[in-house]
Asks: 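I'd like to ask some things about the structure below.
Heavy atoms only: backbone and side chains are in, while hydrogens, waters and symmetry mates are out. This one's a predicted model, so the numbers in the text were calculated from it and none came from an experiment.
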Amino acid sequence: MSIHYVLRGKTQVQDVEREGTLSDEQLVGVKISQDTALINVVIRTLRTQGIEAEWQECVLDGDAAGTRIYTFYKKRWTQQKTR
């Protein structure tokens, strides 16, 4: 099961947005029902590519769970409420 992500943040004064898909190989050993673990995998993957930023928002889209939006608030990822 692949998970699509969009991660948004800032590097000093520039806005940054990265989009991609987590493959099954990247998700080995990760509890895919725990969204914060998925976000950490995304951030680690980007760091290995040399991409560092102050990440502020993450959108996760998986087949079964639908689209979930998270914001980084008070040093933790918090899911935004849907209306």
Asks: So if I apply the side-chain contact (heavy atoms from CB on, under 4.5 Å) rule between Val42 and each of Leu38, Thr45, Leu46, which one comes out positive?
Replies: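 Only match with Val42 under side-chain contact (heavy atoms from CB on, under 4.5 Å): Leu46.
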Asks: Working to the nearest 0.5 angstrom, can you tell me the gap between Lys10 NZ and Gln56 CD?
Replies: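 It is 6.0 Å, given to the nearest 0.5 Å.
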Asks: Give a yes or no on whether Gln14 atom CD has more than 12 heavy-atom contacts from other residues, nucleotides or ligands under 6.0 Å away.
Replies: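 Result for CD/Gln14: open.
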Asks: Which heavy atom of Arg18 sits nearest a heavy atom of Ile51, and at what distance?
Replies: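 Minimum heavy-atom separation between Arg18 and Ile51: NE-CD1, 3.4 Å.
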Asks: With a 4.0 Å cut-off on N to O distance, would you call Arg68 and Asp35 a salt bridge?
Replies: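 A salt bridge is present here (some side-chain N lies under 4.0 Å from a carboxylate O).
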Asks: Could you walk me through whether His4 and Glu19 pass the side-chain contact (heavy atoms from CB on, under 4.5 Å) check?
Replies: CA-CA 8 Å; His4 184 77; Glu19 185 174 351; 2.9 Å; yes
Asks: Which distance, rounded to the nearest 0.5 Å, do you find between the CG of Asp61 and the OG1 of Thr67?
Replies: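 So the CG of Asp61 and the OG1 of Thr67 are separated by 3.5 Å.
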Asks: Could you walk me through whether Trp55 and Ile43 pass side-chain contact (heavy atoms from CB on, under 4.5 Å), step by step?
Replies: CA-CA 8 Å; Trp55 302 113; Ile43 292 171; 3.9 Å; yes
Asks: Given the rule that I, L, V, M, F, W and Y join up when any side-chain heavy atoms are under 4.5 Å apart, are Leu60 and Val41 in one cluster?
Replies: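 Per the 4.5 Å side-chain linkage, Leu60 and Val41 are co-clustered.
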Asks: With a 4.5 Å cut-off on side-chain heavy-atom distances among I, L, V, M, F, W and Y, is there a chain of contacts connecting Leu7 to Val30?
Replies: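 Same hydrophobic cluster.
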Asks: Donor-acceptor pair, Gln34 side chain versus Lys31 backbone, under 3.5 Å?
Replies: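 The answer is no, because no donor-acceptor pair under 3.5 Å joins these two groups.
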Asks: Are Tyr70 and Leu27 linked, directly or through other ILVMFWY residues, by side chains that come within less than 4.5 angstrom of each other?
Replies: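 In one cluster: yes.
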Asks: Return yes when atom CD of Gln49 has more than 12 non-hydrogen atoms of other residues, nucleotides or ligands closer than 6.0 Å, and no otherwise.
Replies: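 Result for CD/Gln49: enclosed.
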Asks: If two hydrophobic side chains count as joined below 4.5 Å and joins carry through other members, does Phe72 share a cluster with Ile39?
Replies: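 Yes; tracing contacts between hydrophobic side chains, which count when under 4.5 Å, links both residues.
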Asks: To the nearest 0.5 Å, what is the distance between CD1 on Ile69 and CD on Gln80?
Replies: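 Going from the CD1 atom of Ile69 to the CD atom of Gln80 covers 5.0 Å.
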Asks: Determine, for Glu17 against Arg8, whether the closest basic-nitrogen to carboxylate-oxygen distance falls under 4.0 angstrom.
Replies: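 Salt bridge: yes.
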Asks: State plainly whether one hydrophobic cluster holds both Val59 and Leu22, where clusters connect Ile, Leu, Val, Met, Phe, Trp and Tyr through side-chain heavy atoms under 4.5 angstrom apart.
Replies: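 Different clusters: Val59 never reaches Leu22 through Ile, Leu, Val, Met, Phe, Trp or Tyr contacts under 4.5 Å.
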